[in-house]
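Down below is the structure, laid out as structure tokens.
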Amino acid sequence: MHPSPSIAFLRLNPEKNRDIPLPRYMTAQSAGMDICAALDDDLVLNHGCICLVPTGFAMALPDGFEAQIRPRSGLAVKHGISIINAPGTIDADYRGEVKIALINLGPDPVTLKRGDRIAQMVVQKVYQARIEVVHDLDDTDRSGGGFGHTGR
Ligand SMILES: O=c1ccn([C@H]2C[C@H](O)[C@@H](COP(=O)(O)OP(=O)(O)OP(=O)(O)O)O2)c(=O)[nH]1
Ligand SMILES: [Mg+2]
């Protein structure tokens, strides 16, 4: 195991959001921390609708890390709730409120409540690449083949 990076979490509007748990790992080896909705009222998400849901927290990732916002499979399979920009990217220099861009891909309206666990967040190491402009690229067997060129 690599040493775990430390993430600073800031509860926004703490008086109001005391009841909303901060992101947390639900089992000993969960890859993602579950994230709760800091909704004021119930939200009914109709088929095909997108909503940017507040979470009530901001965070500071260490340099060299990102966080990915991913759907929860139970919500997806049972209710059709996914994330329109999955996986969402939280940059290490972002200090605003983390928000979750939900979409209802299922046929029926879904009601989301304050405190519901609506997404999960996976922390990853990330590299910023150096850019090198060239006139030719090296040859490979694949060359320009892609998009199914190896067959089904
Ligand atoms: O699901 C998401 C995705 C992004 N963000 C925040 C954190 C991220 O660091 C910032 C910018 O995200 P991204 O780079 O994906 O969006 P953009 O459209 O490129 O915006 P920007 O021009 O601000 O980078 O928005 C969220 O809160 N939730
Ligand atoms: Mg961006």
Side-chain angles (χ1 to χ4, degrees), residues 1-134 137 142 144 146-148:
M1 270 293 264
H2 295 290
S4 308
S6 210
I7 304 173
F9 285 102
L10 176 69
R11 192 176 253 125
L12 303 171
N13 211 339
E15 291 297 300
K16 189 176 133 202
N17 287 326
R18 216 193 318 262
D19 60 316
I20 306 290
L22 287 170
R24 63 202 196 279
Y25 295 107
M26 300 302 291
T27 69
Q29 289 174 306
S30 288
M33 303 180 205
D34 281 2
I35 296 180
C36 297
L39 289 164
D40 289 335
D41 304 300
D42 287 3
L43 170 73
V44 179
L45 206 53
N46 290 316
H47 163 76
C49 289
I50 297 169
C51 185
L52 199 54
V53 179
T55 63
F57 76 90
M59 63 196 263
L61 288 157
D63 189 20
F65 288 83
E66 62 151 347
Q68 295 187 359
I69 305 294
R70 302 186 187 174
R72 289 189 65 212
S73 52
L75 271 184
V77 169
K78 290 181 201 153
H79 303 290
I81 296 294
S82 192
I83 291 177
I84 184 71
N85 59 332
T89 304
I90 309 298
D91 301 288
D93 55 0
Y94 180 68
R95 297 292 177 271
E97 181 174 18
V98 171
K99 294 187 178 169
I100 311 299
L102 295 182
I103 181 167
N104 181 358
L105 299 175
D108 302 317
V110 176
T111 302
L112 298 166
K113 295 184 174 303
R114 180 174 178 82
D116 279 356
R117 287 180 285 134
I118 53 169
Q120 60 185 318
M121 179 168 77
V122 176
V123 176
Q124 303 262 29
K125 189 104 191 67
V126 73
Y127 297 94
Q128 266 198 348
R130 281 175 288 108
I131 311 296
E132 189 188 342
V133 178
V134 297
L137 299 174
R142 174 183 287 276
F147 310 98

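Both ligands and their constituent atoms are indexed starting at 1 by order of listing.
A donor-acceptor pair under 3.5 Å is absent between the side-chain atoms of His47 and the main chain of Asp108, judged by distance alone. Between the side chain of Asp34 and the backbone N or O of Arg117 there is no donor-acceptor pair closer than 3.5 Å.
Counting only residues at least two apart or in different chains, side-chain hydrogen bond (donor to acceptor under 3.5 Å, both in side chains) contacts with residues 58-68 comprise Glu66-Gln68, Gln68-Arg70.
Ligand 1 is surrounded by Asn85, Gly88, Thr89, Ile90, Asp91, Tyr94, Glu97, Val98, Lys99, each with at least one heavy atom closer than 4.0 Å.
The shortest non-hydrogen separation linking Arg11 to Asn17 is NE-O, 3.3 Å. Nearest heavy-atom pair, Ile83 versus Pro71, reported as atom, atom and distance to 0.1 Å: CD1-N, 3.5 Å.
Thr55 has its side chain within reach of Glu97: a pair of non-hydrogen atoms, C-beta onward, lies under 4.5 Å apart.
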